[in-house]
Amino acid sequence: MQRLAHVFPGVLLIAGLSLAAYVLAVGGGLARYGASSLTLAIVLGAVLGNLRPHWVTGRCHGGVQLAQKEFLRTGVALYGFNLSLQQILQVGSSGIVVDLLLVSSTLAMGWWIGTRLLKLDKETVLLTTAGSAICGAAAVVATVPVLGGDGERVADKTTTAVATVVLFGTLAMVLYPLLHAWTGIDGRVFGVYVGSTVHEVAQVVAIGSTIGGDTASNAVIVKMIRVMLLVPFLLGLSFFLSRRRQATGGKAKIAVPWFAVAFVALAGVNSLHWLPDAWVQALRLLGVLLLTAAMGALGLGTTVAKMRKAGMGPLLLASGLFAHLVLVGGAINWLVARW
């Protein structure tokens, strides 16, 4: 009962925040413009956190911490119900090859720019790069548990990384339809380009809906394959960080993110069609709501002072990665399509 009393005020606050974000995105129609409930939750949370900062540090603190950790992990695992083997086979090998090349090159580019040129700390670099390379805000928050370290410090950097996803993802929603009209590329090929280079799933859906035809379906499928690459990224990151700790005299402990493994397992269950459609839809909704709650909890801890403290480094890193996705991503898609 003491544990429940400790987290209940914060969970109640997060639940109201998440519901408001979901209603605005789905009921209010903002999702069609690429404003997912995840991004809206962090915006609403940031507004509330700046207006009532004592709520986060006071009675609501326990519930906010619960949402940032456990809600996040469970939400990522349930996200597996959005992907199936049938979808992967539908898009063919070209989509998989493009995703592999772009995710790996973006991760390498982000690490080089962030650590070598901008001299940013590894948490900021990894969080910002993961958001650009894989699946936007969901990738950012899924990377947090693997990083470990001081929770509040990492939470501040998480919010900054998500802000770059929102900024450049929104820019992509304006740019990509113009690129399609200017280049006249086949809709199916352009759909692979959109899915392999745009940050958020909601932003991919918005661009696909604007262009229509084969672009919409291919873009979403390729994007979901890219989402699945989150699992090997998290496992590889855990191994990479353990080796770095070992090199500096620390313990070489590899923390396997159970939620990432569960993500793959649930995608496999979804491929087998064992569960009734109504159950799958309910589990998808639960996953979205839990991720929305996690984003709202992160937003509550976001203040103007913390954003100023982050400086221009994350923005410069994200802008370089956006240019890489648009230009190098376009070249990779063109080469794979010809091959």
Side-chain angles (χ1 to χ4, degrees), residues 96-149 153-154 156-169 171-172 175 193 195-200 223 225-248 250 252 254-255 257 260 307 309-336:
I96 299 173
V97 170
V98 168
D99 275 343
L100 286 170
L101 289 173
L102 269 169
V103 169
S104 58
S105 65
T106 305
L107 291 172
M109 180 69 70
W111 183 258
W112 183 75
I113 293 175
T115 59
R116 297 292 181 87
L117 295 184
L118 299 176
K119 308 296 183 183
L120 298 172
D121 60 274
K122 72 175 188 301
E123 289 96 348
T124 298
V125 173
L126 289 169
L127 290 169
T128 305
T129 304
S132 296
I134 307 172
C135 53
V140 174
V141 294
T143 304
V144 174
V146 180
L147 293 178
R153 180 171 58 85
V154 176
D156 295 344
K157 295 171 183 178
T158 302
T159 305
T160 304
V162 171
T164 65
V165 168
V166 175
L167 174 61
F168 289 102
L171 180 58
L175 176 64
Y193 174 51
S196 61
T197 57
V198 175
H199 299 65
E200 284 272 3
K223 181 61 182 178
I225 295 172
R226 193 167 151 211
V227 170
M228 198 166 187
L229 294 177
L230 178 64
V231 177
F233 165 71
L234 294 176
L235 293 172
L237 176 61
S238 179
F239 177 77
F240 171 72
L241 293 177
S242 71
R243 293 295 298 270
R244 282 178 65 89
R245 283 191 291 267
Q246 185 181 33
T248 55
I254 300 176
M307 294 297 289
K309 186 179 179 181
M312 288 294 294
L315 183 62
L316 292 173
L317 172 58
S319 63
L321 293 175
F322 180 65
H324 169 78
L325 288 168
V326 174
L327 300 175
V328 177
I332 289 175
N333 272 272
W334 181 77
L335 289 171
V336 172

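Residues: numbered from 1 along the sequence shown.
- Across all non-hydrogen atoms, the minimal contact from G329 to T197 is CA-CG2, 4.0 Å.
- Distance CG/L127 to OG/S132: 11.0 Å, rounded to 0.5 Å.
- Proximity of R116 to W111: side-chain heavy atoms (C-beta onward) are nowhere separated by under 4.5 Å.
- Across T124 and P314, no two heavy atoms sit closer than the pair CG2-CG, 3.7 Å.
- Just one residue in the list V326, L102, I332 forms a side chain to side chain contact (heavy atoms under 4.5 Å, CB included) with Y193, and that residue is V326.
- Residues I96 and I225 have side chains in contact (heavy-atom distance under 4.5 Å, counting atoms from C-beta outward).
- Between L325 and S196 the shortest heavy-atom distance is CD2-O, 4.5 Å.
- By the 4.5 Å heavy-atom criterion applied to side chains, C135 and K223 are counted as neighbours.
- One finds the CG atom of L321 at 5.5 Å from the CD1 atom of I113 (value rounded to the nearest 0.5 Å).
- Side chain of S238 to main chain of L234: no donor-acceptor pair is present (N/O by atom type, distance under 3.5 Å, no hydrogens or angles).
- Listed here is the closest heavy atom pair of G136 and V165: CA-CG1, 3.7 Å.
- Note that the OG1 atom of T129 and the CG atom of L317 stand 4.5 Å from one another [nearest 0.5 Å].
- Contact check for L167 versus L171: no side-chain heavy atoms found under the 4.5 Å cut-off.
- Taking each heavy atom of P145 and V141 in turn, the nearest pair found is CD-O, 3.3 Å.
- If you run side chain to side chain contact (heavy atoms under 4.5 Å, CB included) between E123 and each of V144, T158, L147, only L147 comes through.
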Intermediate values then yes/no, side-chain contact (heavy atoms from CB on, under 4.5 Å), K157 and D121: CA-CA 10 Å; K157 295 171 183 178; D121 60 274; 2.9 Å; yes
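- Nearest heavy-atom pair, T128 versus A318, reported as atom, atom and distance to 0.1 Å: CG2-CB, 4.0 Å.
- Using a 30° and 60° split on the angle between ring planes, F322 and F168 fall in the tilted class, from 30° to 60°.
- Within the 4.5 Å cutoff, the side chain of K122 has heavy atoms near those of the L241 side chain.
- Of the candidates L101, L107, L100, L107 is the only one forming a side chain to side chain contact (heavy atoms under 4.5 Å, CB included) with V103.
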H199/T164 under side-chain contact (heavy atoms from CB on, under 4.5 Å): CA gap, chis, key distance, verdict: CA-CA 10 Å; H199 299 65; T164 65; over 6 Å; no
